[in-house]
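Encoded as C-alpha cells, the structure appears first; notes follow it.
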Amino acid sequence: MKNFILVCAGTACESSKADDIYKNFLAEIEKHGLKDDAQVIKTGCFGFCEKGPIVKILPDEAFYVEVKPSDAKEMVEEHIIKGRFVKRLLYAGDEVGDKENFEASDIQFYKKQYRIALRNCGFIDAENIEEYIARDGYEALAKCIFEMTPDQVIEELKVSGLRGRGGAGFPTWMKWNFAKNAEADQKYILCNADEGDPGAYMDRSILEGDPNSVLEAMAIAGYAVGASKGIIYIRAEYPLAIHRLGIAINQSYERGLIGQNIFGSKFNFDIEVRLGAGAFVCGEETALIKSIEGNRGMPTPKPPFPAIEGLWGKPTIINNVETFANVPAIILKGGKWHTTIGTKGSPGTKVFALTGKINNSGLVEVPMGTTLRDVVFDIGGGIRDNKKFLAVQTGGPSGGVITEKDLDTPIDFDSLVAMGSMMGSGGMIVMNEDDCIIDVAKFYMDFCVEESCGKCSPCRIGTKKLYQYLDKISKGSAVEEDIKKMEDISNAMKLASLCELGKTAANPVLSTLNHFKDEYLKHIVDKKCRSGKCKDLVSFVVNDKCIGCTACKRKCPVDCISGEKKELHVIDQTKCIKCGECVAACKFKAIDKI
C-alpha cells in the first residue's frame with residue numbers, strides 16, 4: 001500500500017524549516033528508490049500550530065510533531081521501509097502516543113472540531129489543482145451553472161443561514177440578493193483577504209492551504225448575482241498566500257474553470273489579485289473599495305451600500321475568505337445540512353485563531369454554540385504553566401474581554417455581542433493572571449490610534465484621548481473622574497464615528513471597565529498594578545534574605561543598587577528602571593516586587 005507523507009507548509013511551519021523537511025523527504029525517497037511506494041505532499045496548515053512542524057503519514061494516521069529536517073532520514077528508514085513508528089516524534093499528549101495506531105481525530109485538540117472552511121487544509125497540495133478537484137472541487141460551481149438558477153443559488157444560501165464570517169455576521173444571501181436585483185452593466189465580486197486583527201491568521205491559512213475553494217465560491221457568487229469580474233484584495237504581508245493564490249488562479253484558467261465560457265457554458269468570470277499595503281481600516285468594505293480604485297483607503301458613509309453602489313459605482317459583493325470557503329460545501333450538501341450544525345441564529349462553524357497564554361495554540365474550527373470553556377480548556381488544553389485564567393479577548397481591537405463567569409456561554413454572533421464583545425474575524429487571545437487588563441486595553445487602543453484613517457473626528461480624536469487616559473492610569477497619574485470621561489468618549493465614538501472601526505474601537509475599554517473596574521481603581525487609587533506590567537507602579541525592594549552576594553548589583557544596568565559584600569543591599573528607587581534584572585539574578589529570593 002502506498003504511503004503519503006503530508007508535510008505542513010503553512011507560514012508558521014515554513015518559518016520552522018518545513019521546506020527543508022519537505023526537500024529532505026524527497027531526497028530520502030529518491031535515495032532509497034521508493035517513488036512507487038511513497039509520495040511527499042506539501043500541504044497547508046494542520047491547525048495544531050503549537051506542535052509544528054507537523055508531518056502526517058497515511059494510511060497509518062501517524063501524527064508526527066515538532067519534526068526537524070534531520071528527522072526525515074530516520075522517518076523514511078523506519079516508517080516507510082520497516083513499517084515501524086518513530087515513537088519519539090509521535091504526538092504523545094492525551095495518552096495517544098503510546099498506541100501503535102491511532103486516528104489524528106483521537107487527539108484532544110481535534111476532537112470537538114468540525115471542519116468546513118478548513119476541510120482541505122492539511123489534506124491537499126494547495127499548489128496542485130488536481131488534488132482540489134479530487135475532493136469534489138468545482139463540482140459546486142458546475143452544479144450551479146447546469147442545475148440551478150441564480151435565484152435557486154441564493155435561496156440555498158438563505159436556507160443555510162450562512163452569515164458573513166468577517167465581523168458583523170450579515171446574512172450572506174441577503175447581500176447577494178441586493179446585488180442580483182440591482183440593475184447595472186457590470187457587477188463585481190470582491191474577496192476581503194485584508195485580515196488585520198492582532199493574532200488573527202484564519203483567512204491567510206485558508207488561502208495558503210485551499211485557495212481554490214475561494215476561487216470557486218467567488219465564481220458561484222458571480223453566477224448568482226450576474227457579475228463577471230472578481231478581485232481578491234489581500235495584504236502584501238502575506239507572500240505565501242499570494243504565491244499559492246497565483247498558482248491556483250493560473251491552473252484554474254488553464255482548465256477552463258475560471259475565465260471565459262466556464263465548463264463550455266456561456267458564463268464568464270475573471271479573477272485578479274490586488275495587493276493592499278496593510279492598513280487595518282481597509283478591512284472595512286468601503287475603505288477597501290477606495291483602495292482598489294487607487295484612492296486612500298478611507299470609509300465612506302452608508303448608504304449607498306456596496307451591494308447597490310460599490311466598486312467604480314457598480315453593484316459589488318464583498319465577503320471575506322472564510323465566508324467564501326463555506327459556500328461550495330453548502331451548495332453540494334444543501335442549505336438544510338448546514339443548519340444541522342451550530343445554533344438556530346448562527347448555523348455552521350467558525351474558525352478561530354487561538355493564541356496567547358494557552359497550551360495548544362493554533363487554528364480551531366468549531367460548530368457555533370461551542371462554549372468558550374470547550375475551546376480554551378478542552379481544545380486549547382488550558383492555561384500554560386497552570387496559571388489562573390484571567391480573560392479571553394475575541395474580535396480583536398473591535399471586540400472585548402470575556403471572563404470566567406461567561407466561559408460556559410455558547411459562542412455565536414449574538415451571545416458575544418451580549419457579553420460586550422463580538423465575533424470579529426475570529427481572533428481569540430487568552431490571558432492569564434500575569435496579564436494586566438489596563439495594559440491589554442492600552443495595547444488595543446494604541447493599535448486603533450495607529451490604524452485610524454483620521455477621516456472622522458470621533459475616531460481620530462477619541463482613540464487618542466482614550467489612549468492618553470489609559471497611559472495616565474498605567475503611570476499612576478489618573479484620578480477617578482477619568483473613568484467617567486473615558487466612558488463618555490467611548491459612547492460618543494459608538495454613536496458618531498463614520499465606520500465600524502471607530503464605532504467599535506472603544507469596546508476594549510468599555511468591556512475591561514465593565515469586568516475589571518476594581519483593577520482600574522487599584523491603579524488609580526492605590527497606585528498599584530497587580531501583575532507588575534505597569535512599571536511606573538512597581539517597586540523592587542531588598543528584603544532581609546539578602547546575604548550581600550552582590551549578584552544583583554553586578555547585573556543592574558543603571559547602577560542603582562548599593563551595598564558591600566555580606567551587607568544588606570539597597571535599591572535607589574529614583575534611579576531604578578524596573579527592568580527586573582535584579583530579581584532574575586538573585587538566587588535567594590531577597591528582592592520583592594511590590
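The figures here come from the full heavy-atom set of this structure, side chains too, leaving out hydrogens, waters and symmetry mates. Worth saying up front: this structure is predicted, and the values here are computed from it rather than measured.
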Would the number of heavy atoms belonging to other residues, nucleotides or ligands and lying under 6.0 Å from [atom1] of [X] be above 12?
| X | atom1 | value |
| --- | --- | --- |
| K314 | NZ | yes |
| K290 | NZ | no |
| K357 | NZ | yes |
| R296 | CZ | no |
| E183 | CD | no |

Review point. Does NZ or CZ of K465 fall inside the cone over Y469's six-membered ring, less than 6.0 Å from its centre and within 45° of the axis?
Key: yes
Practice item. Report yes or no: is the cationic atom of R163 (NZ for Lys, CZ for Arg) closer than 6.0 Å to the six-membered ring centre of F170, at no more than 45° off its axis? Key: no
Ion pair check, [X] and [Y], cut-off under 4.0 Å:
| X | Y | result |
| --- | --- | --- |
| K112 | E365 | no |
| R244 | E127 | yes |
| E156 | K158 | no |
| D408 | R373 | yes |
| K302 | E285 | yes |
| D488 | K484 | yes |

Review point. Are any side-chain N or O atoms of S291 and backbone N or O atoms of L288, one a donor and one an acceptor, separated by less than 3.5 Å?
Key: no
Check your understanding: Side chain of K180, backbone of D151: donor and acceptor closer than 3.5 Å?
Key -> no
**Study point:** Validation row, ring centre Y132 to ring centre Y138 under 6.0 Å
**Key:** yes
Exercise for review: Can you label the angle between the Y114 ring and the W337 ring as parallel, tilted or perpendicular, going by 30° and 60°?
Suggested key: tilted
Exercise for review: Report the residues that fulfil side-chain contact (heavy atoms from CB on, under 4.5 Å) with A241, sequence neighbours left out, ordered by chain and then residue number.
Suggested key: R204, L207, E208, I234, Y238
What donor-acceptor contacts under 3.5 angstrom involve side-chain atoms of residues 319-332, with partners at least two apart or in another chain?
residue : atom : partner : partner atom : Å
N319    : OD1  : W176    : NE1          : 2.9
N320    : OD1  : T323    : N            : 3.1
N320    : OD1  : T323    : OG1          : 2.4
N320    : ND2  : D203    : OD2          : 3.4
E322    : OE1  : K350    : NZ           : 2.7
E322    : OE2  : V351    : N            : 3.0
T323    : OG1  : R165    : N            : 2.8
N326    : ND2  : E322    : O            : 2.8

Practice item. Given salt bridge (Lys or Arg N to Asp or Glu O under 4.0 Å), test R274 with E272 step by step and report yes or no. Key: CA-CA 7 Å; R274 295 286 183 92; E272 63 178 289; 3.0 Å; yes
Point to revise | Sequence-distant partners of E450, salt bridge (Lys or Arg N to Asp or Glu O under 4.0 Å), two or more places apart | key: none
Review point. Are E284 and T286 close enough that a side-chain donor and a side-chain acceptor fall under 3.5 Å?
Key: yes
